[in-house]
Amino acid sequence: MKRIYIEEISQHKGEEVEIRGWVYNKRSSGKVRFLLVRDGTGLVQTTIFSQVKDHPLFQKFDELTQESSVIVQGQVIEDQRAPGGYEIMVRDLQIIHLAQNYPITPKDHSIPFLMNHRHLWLRSRKQQAILQVRWEIIRAIRDFFDGRNFRLIDAPILTPSACEGTTTLFETQYFDQKAYLSQSGQLYMEAAAMAFGKVYCFGPTFRAEKSKTRRHLIEFWMVEPEVAFATLEDIILIAEDLILFILERVLSRRRVELEILERDPSPLEKITRPFIRLTYEETVRILQSKGSKMAYGDDFGAPEETLLSQIYDQPVCITHFPAKIKAFYMQPDEKNPDLALGVDVMAPEGYGEIIGGGQRIHDLNLLEKRLAEFNLPREAYEWYLDLRRYGSVPHAGFGLGLERTVAWICKLKHIREAIPFPRLLYRIYP
RNA sequence: UCCGCGGUAGCUCAAUCGGCAGAGCGGGUGGCUGUUAACCACUAGGUUGCAGGUUCGAGUCCUGCCCGCGGAGCCA
């Protein structure tokens, strides 16, 4: 008896096989019983058919409840009436464990209820489809950078100081001193880029912001490439290539999942190079002409991001921000030092910023000046300043938020479904 | 932190002007020879978020608190 996974069933037509999984649903009609079994790779209908009313298999079937674990043996049959086109005629059915009152029934549930049962919600079809797309995106990101000979350099999670000095950090005890959970690996990637030329890190980051919106997580994953001898323009081209690479992968390998999610792939298929390029000033003017009340010098809010994606069906790269609203390490524009050589990439369909990055300051004096202007403790940045003392070069990089990318590609209403166990304001369970 | 909305059976919800707390799903029992979130019949299931107040009478009105959802701000 060969044990198979449901995703391989079409290769075993006519064979006797064994599947191990969980009861998704069951139906009965007199002398026929239908047991729908999922095993994490798919869903299959298994069928018990008998003239004998008290057939032992019927008795076992009748005991079964939703999400009970079972081992089913039987012959694979092609049948148009079965969901998926194949079913298994049950020869033997072994109950491993009877589940009692599984809470997530095949009917409607509220978000709070599902979030409280996230550990079980992961068994649902749509959640599985989302997490399969997430996995595909992660693989695409790794393949993209590995294929271009970027070196993977892991950034630390525990950091000694408030790196960017902007966002609120999670503080923790580090023996007899304070430490903080990383909000970005960037500064460490700059050190790594000076060691290895082109590098990336990919890991979790933490922001203690009291943000309560559909696009914020407290703990989220970010991929952060950093390239030595690179300019803003170089890094924009890499960002473009990366997004197109991810889209191509998901569209070619995860069609089924997008279908389960009822995600129309055509807006993703339309995305081509080059992306829309706008300066911050141009963007503000366009938004104002469309009715936005934002002023020059404001950051883009949620309404602005929505408005932008109503105008363009391509990702939009916004550059040349006022230096005041950007981080201290941003390289100023030669032509206008009040502008920073940063870039935000906005995803279409209202998903907003998925990438933030830019060219970093490589001049020691200028960086020292900026640290002072931003009131940052210089001692904490001595190592960072060292990078400008020993063979400093122009360099650039960006961070791509994984969950925002997943949410966009899956067209999720809320980012919380883009990560297996989301950490949100007011929610850390389960 | 601010604004708005909500909390009633395991789940999703209903309950008219303040007047007997109800339905569907899920559970249980029985029926049905191909079901597709199957269907049909019967059945069990309640501290109406917590505390106080008004009232002959409160799920419903008032006050405070707790929890959550949507959005804003902050942020990426």
Side-chain angles (χ1 to χ4, degrees), chain A residues 24-36 43-53 55 58 61-67 77 79-85 87 89 98-117 120-121 124-125 164-169 183-184 186 205-224 298-306 325-327 342-347 351-358 398-405 407 413-416 424-427 429:
Chain A
Y24 184 76
N25 201 354
K26 62 176 194 177
R27 294 184 276 269
S28 67
S29 179
K31 305 292 186 289
V32 192
R33 303 281 195 277
F34 300 102
L35 188 68
L36 278 86
L43 187 63
V44 72
Q45 173 166 283
T46 69
T47 305
I48 310 168
F49 192 86
S50 174
Q51 300 294 340
V52 185
K53 202 181 159 196
H55 193 282
F58 280 2
F61 173 95
D62 291 342
E63 274 183 62
L64 282 173
T65 53
Q66 190 188 0
E67 287 302 318
I77 304 289
D79 193 315
Q80 289 304 316
R81 291 169 297 186
E87 67 181 8
M89 297 304 291
L98 276 180
Q100 293 303 311
N101 296 321
Y102 184 71
I104 305 180
T105 59
K107 291 282 175 182
D108 292 339
H109 300 283
S110 64
I111 289 296
F113 178 80
L114 290 170
M115 290 303 297
N116 285 336
H117 296 84
L120 303 176
W121 193 18
S124 303
R125 247 165 97 79
E164 294 191 23
T166 52
T167 57
T168 320
L169 300 177
Q183 59 169 336
S184 160
Q186 181 201 315
T205 47
F206 308 85
R207 309 271 168 103
E209 295 295 334
K210 298 214 167 182
S211 300
K212 186 178 161 7
T213 80
R214 71 183 67 188
R215 37 162 79 79
H216 286 89
L217 287 167
I218 301 302
E219 177 180 322
F220 66 100
W221 285 62
M222 191 153 63
V223 59
E224 295 175 278
D298 292 349
D299 226 330
F300 303 113
E304 281 74 32
E305 294 187 346
T306 307
I325 63 169
K326 285 289 171 184
V343 58
D344 281 3
V345 181
M346 307 289 206
Y351 281 89
E353 184 184 346
I354 55 171
I355 282 180
F398 63 81
L400 173 134
L402 175 63
E403 288 77 15
R404 284 186 176 179
T405 306
K413 288 197 181 76
H414 197 295
I415 197 168
R416 64 186 157 219
L424 298 158
L425 186 61
Y426 307 135
R427 182 178 289 284
Y429 177 92

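By convention in this document, chain letters (A, B, ...) are assigned in the order of the sequence lines, proteins followed by strands, and residues within each chain are numbered from 1.
Between A:Lys326 and A:Asp344, at least one side-chain nitrogen of the basic residue sits less than 4.0 Å from a carboxylate oxygen of the acidic one, meeting the salt-bridge criterion.
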Parsed dot-bracket for RNA chain B after applying the Watson-Crick and G-U rules with both distances under 3.5 Å and | for other-strand partners is (((((((..((((.....[..)))).(((((.......))))).....(((((..]....))))))))))))....
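A:Phe58 places a side-chain heavy atom less than 4.5 Å from the side chain of A:Ile48. Proximity of A:Arg427 to A:Met115: side-chain heavy atoms (C-beta onward) are separated by under 4.5 Å at one or more points.
Proximity note for A:Val32 (side chain, C-beta onward) versus B:U33, B:C74, B:U35: the nearest is B:U33.
In this structure, A:His109 places its NE2 atom 10 Å from C1' of B:G10, rounding to the nearest Å. If you take NZ of A:Lys26 and C1' of B:C39, they are 15 Å apart, rounded to a whole angstrom.
Not counting sequence neighbours, A:Phe49 has no partner by the ring pair (Phe, Tyr, Trp, His ring centres under 6.0 Å) test. Residues that satisfy the side-chain contact (heavy atoms from CB on, under 4.5 Å) test with A:Leu114, not counting sequence neighbours, are A:Ile104, A:His109, A:Trp121. For A:Phe300, the ring pair (Phe, Tyr, Trp, His ring centres under 6.0 Å) partners two or more places apart in sequence, or in a different chain, are A:Tyr280. Annotation: side-chain hydrogen bond (donor to acceptor under 3.5 Å, both in side chains) contacts of A:Glu219 (sequence neighbours excluded): none.
Within the 3.5 Å criterion, the main-chain N or O of A:Glu353 finds a donor-acceptor partner in the side chain of A:Arg404.
The side chain of A:Ser110 contributes an N or O atom lying less than 4.0 Å from OP1 or OP2 of B:U12.
For B:C50, the glycosidic angle deviates from 0 by more than 90°, giving an anti base.
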List every contact pair, protein side and nucleotides 65-70 of chain B side both N or O, where the distance is under 3.5 Å.
unit_1	atom_1	unit_2	atom_2	d
B:G68	OP1	A:Tyr426	O	2.9
B:G70	OP1	A:Arg416	NH1	3.0
B:G70	OP1	A:Arg416	NH2	2.7
B:G70	N7	A:Lys212	NZ	3.3

